[in-house]
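Structure first, commentary second.
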2 protein chains.
Amino acid sequence: MTSQAADGPDTVAASRRSKLTREREQEFFDAVLDQIRACGYDSVTMEGVAASTRCSKATLYRQWRTKPQFVAAALRASRRTRFDGIDTGTLADDLREAARAAGAWSAKDTRLLQALGHAVTQDPELRTALREALIDPEIDALKQILRRGVERGEVPADHPALDYIPAQIFGVLRARPVLEGKDADPEYIVRFVEAAVLPTLGLT
Amino acid sequence: MTSQAADGPDTVAASRRSKLTREREQEFFDAVLDQIRACGYDSVTMEGVAASTRCSKATLYRQWRTKPQFVAAALRASRRTRFDGIDTGTLADDLREAARAAGAWSAKDTRLLQALGHAVTQDPELRTALREALIDPEIDALKQILRRGVERGEVPADHPALDYIPAQIFGVLRARPVLEGKDADPEYIVRFVEAAVLPTLGLT
DNA sequence: CCGTTTCGGAACGGGCACGTATCGATGAGT
DNA sequence: ACTCATCGATACGTGCCCGTTCCGAAACGG
């Protein structure tokens with residue numbers, strides 16, 4: 001009893017219209033995202049997710065009306081701040097740190113982005129869910145890093161390359177698997193920042 | 001008669017095991033690539049292609065055994081050198097020219113790349129067809145531009161940023177639609193090259 | 001000019017996945 | 001201890017698409 005209450009008293013008391021625990025729900029989300037990474041969005045089936053989590057298809061449809069809504073919920077639940085809260089004091093080190101985080105970040109989420117890349121253009125809800133889960137938080141964090149650098153006077157506010165830096169890092173991250181067939185590891189992306197981004201900004 | 005012979009006498013005389021003309025074949029290819037851009041790879045159906053080109057499904061299956069093989073053939077047929085043969089004499093202008101070409105290039109082929117992005121990880125034949133049709137030719141042309149610049153002494157051969165330039169341009173090209181929701185037009189990508197790439201290489 | 005071949009059209013069998021409905025079992029709340 | 005909602009399992013109806021097959025019609029080729 002006491003051990004079960006460790007989940008948090010109000011967690012259960014709070015309006016849970018379902019008997020599924022949060023952990024159980026997260027199993028469904030992990031399963032569907034894993035299958036999307038492996039087989040692509042279209043090839044993922046509710047039946048497959050139900051089978052791999054040993055739950056009933058009916059259960060999934062009771063909680064989420066349809067497959068896109070289910071996937072969107074999974075994305076929203078996996079929303080995490082990954083390289084947020086970086087603040088070393090200098091722009092160069094902040095960017096290096098962000099690059100390192102992005103490199104570690106890359107492997108799984110790049111796959112997810114790739115697999116959802118086209119599905120997202122069809123379903124608006126899926127689109128916003130993906131943006132809010134994987135894209136906007138990181139881009140915003142990056143922009144904040146840059147803004148702090150500008151405020152410290154490390155780089156002029158109207159530096160023409162500033163606007164392109166998020167697209168550059170995101171782009172290179174996603175381009176390497178296509179061009180070289182390897183995932184973009186931290187070493188690769190840090191080296192890129194030091195070789196291309198920092199010199200452009202006049203740092204180092 | 002004479003006007004029909006304008007197709008080329010040997011074009012017909014050459015071993016065409018099929019009654020389909022090259023132009024007719026290209027209609028099929030254009031149709032399937034258009035549908036892929038519009039609906040994604042998985043959603044494309046042989047029935048849809050047959051209907052939109054007013055041919056029989058049987059005809060498609062007579063020429064190509066299966067859907068991936070058909071799409072791969074379409075990709076191989078659409079293989080074109082886009083920004084090849086650029087040679088202005090200076091590295092900076094070559095890169096500007098390549099950027100302009102890439103910007104015009106982008107709209108349709110970025111969509112195709114996006115739509116095929118995941119399907120390609122499943123089917124090796126599709127993968128090589130896509131690489132040979134859309135990726136390798138452009139990357140090779142870009143590398144040649146850079147190599148000529150090195151040979152002219154405009155940039156040191158061991159410049160650390162050199163290796164990243166193809167990935168940068170490709171990456172930024174594909175990143176903008178995701179981050180900003182607009183296609184990367186020539187103006188955008190040329191501005192990027194001038195703001196970020198050229199300064200990094202020490203070219204003003 | 002006539003046989004042969006491939007064309008376009010249509011129907012078919014098979015499989016698969018969506019989303020629904022039914023049914024006993026189980027666990028929570030009173 | 002009893003009730004009731006939700007669980008997992010399963011079966012079902014529907015629609016879609018693959019790949020095949022059959023059928024005239026039309027176009028080559030000799």
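Residue numbers begin at 1 in each chain, while the letters A, B, ... track the order of the sequences.
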[X]: what forms a salt bridge (charged side-chain N to carboxylate O under 4.0 Å, His left out) with it, not counting sequence neighbours?
| X | value |
| --- | --- |
| B/Glu187 | none |
| B/Arg76 | B/Glu125 |
| A/Asp185 | A/Arg176 |
| B/Arg174 | none |

- Could you note down all residue pairs passing salt bridge (Lys or Arg N to Asp or Glu O under 4.0 Å) where residues 159-171 of chain B supplies at least one of them, sequence neighbours left out?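 Checked against salt bridge (Lys or Arg N to Asp or Glu O under 4.0 Å) - neighbours excluded - the pairs reaching residues 159-171 of chain B are A/Arg191-B/Asp163.
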- Which residues satisfy the side chain to side chain donor-acceptor pair (under 3.5 Å) test with A/Ser43, sequence neighbours excluded?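 For A/Ser43, no residue satisfies side chain to side chain donor-acceptor pair (under 3.5 Å) once neighbours in sequence are set aside.
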- For A/Lys57, what residues pass the side chain to side chain donor-acceptor pair (under 3.5 Å) criterion, not counting sequence neighbours?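 Only A/Glu47 meet the side chain to side chain donor-acceptor pair (under 3.5 Å) criterion with A/Lys57.
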- Item | Side-chain N or O of B/Ser56 closer than 4.0 Å to phosphate OP1/OP2 of C/dG9 |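 Checking C/dG9 against B/Ser56, no side-chain N or O comes under 4.0 Å of OP1 or OP2.
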- Residues within residues 115-124 of chain B bordering DNA chain C, heavy-atom distance below 4.0 Å: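 Per residue number, the list is empty: none.
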- What residues in residues 29-54 of chain A put a non-hydrogen atom under 4.0 Å from any atom of DNA chain D?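 By residue number: A/Arg54.
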- With sequence neighbours left out, which residue pairs that include part of residues 112-142 of chain B fulfil the ring-ring contact (aromatic ring centres under 6.0 Å, His included) condition?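 Found none.
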- Message: Under the ring-ring contact (aromatic ring centres under 6.0 Å, His included) definition, can you give me all pairs with a residue in residues 29-67 of chain B, not counting sequence neighbours?
- Response: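 Residue pairs passing ring-ring contact (aromatic ring centres under 6.0 Å, His included), neighbours aside: B/Phe29-B/Trp64, B/Trp64-B/Phe70.
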- Looking at five pairs on each end of the helix from C/dC1-D/dG30 to C/dT30-D/dA1, what is the angle between the two axes, given to 10 degrees?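 The angle separating the two end axes equals 20°.
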